[in-house]
Amino acid sequence: AIVAAMLEANGLRAERFVAAQVLGPHVGRTVRAGDFERLAHLNELRDRPAELRAFLDRLGHKLALELGRSSQLSMDGIYRLLMTRKASDLADLFWMGIAHGATTYDNIGLLQHLDVSNMASYDRLHTSNLHELAPGLVVEPGRVMELFSSELYRFTYEVSSPAERKVLSK
């Protein structure tokens, strides 16, 4: 909850923790709020193109509303906006000295940072320590962007019309 609040306070989109309950020693549960669309949801719909297209169209509608647009975003618009936002969010995490630490396929959010309880801060000014403590922290943003861009492109391309594919391919 503390990490999520810190991210929000610094302008990063992240899930919010709205309640926590201690059930016993080392056992508890939390209630989270936010946009929980994940990269894994696209993969879940991979064999159902009509549902995948509807899912992406809903994302495009949500993004258009955030931008104050009255018209739907194209598949290319959805792809480019999500890519720009993810790159910006990862850069912000880097400059804040925060690493997610558990960037699994299921933990990569499409609209915000998810599963933030795994996040940890690190001292990026002394990079020699990073290589000794956690070499994965140094390459995490690049690996997330590589996975995010390839998967998002694959899924948007698969459900696009021939005209949309032409624009996406540019």
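Treat the numbers as computed from the prediction; the structure is a model and nothing was measured.
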(message) Is there a side-chain contact between L110 and L39 in this structure, where contact means two heavy atoms from C-beta onward sitting under 4.5 Å apart?
(response) yes
(request) Check whether any side-chain heavy atom of L59 lies under 4.5 Å from a side-chain heavy atom of E37, and answer yes or no. (result) yes
(message) Quick check: is L65 connected to L73 through a chain of hydrophobic side chains (ILVMFWY, heavy atoms under 4.5 Å apart)?
(response) no
(request) Mind checking the OG1-CG spacing from T156 to L168? Nearest 0.5 Å is all I need. (result) 4.5 Å
(request) Would you mind reporting whether D57 and M75 have side-chain heavy atoms less than 4.5 Å apart? (result) yes
(message) Less than 4.0 angstrom from a charged side-chain N to a carboxylate O is my criterion; do R85 and D89 meet it?
(response) no
(request) Kindly check if the number of other-residue, nucleotide or ligand heavy atoms within 6.0 Å of CD (E158) is above 12? (result) yes
(request) Find out whether L82 and L63 are in side-chain contact, i.e. whether some heavy atom of one side chain is under 4.5 Å from a heavy atom of the other. (result) yes
(request) Of all the heavy-atom pairs spanning F148 and M83, show the shortest one and how long it is. (result) CD2-SD, 3.8 Å
(request) Please name all residues satisfying side-chain contact (heavy atoms from CB on, under 4.5 Å) with R58, sequence neighbours left out, ordered by chain then number. (result) A54, F55
(request) Would you indicate whether the side-chain heavy atoms of Y79 and L56 approach each other to under 4.5 Å? (result) no
(request) State whether the side chain of K166 and the backbone N or O of S161 hold a donor-acceptor pair below 3.5 Å, judged by distance alone. (result) no
(message) Does this structure show an ion pair linking R154 with E151, if we count only N-O contacts that are shorter than 4.0 Å?
(response) yes
(message) Hydrophobic cluster membership, with links at side-chain heavy-atom distances under 4.5 Å among I/L/V/M/F/W/Y: are V167 and Y153 in one?
(response) no
(message) So, taking the atom named CZ in R143 and the one named CD in E146, what distance separates them when rounded to the nearest 0.5 Å?
(response) 8.5 Å
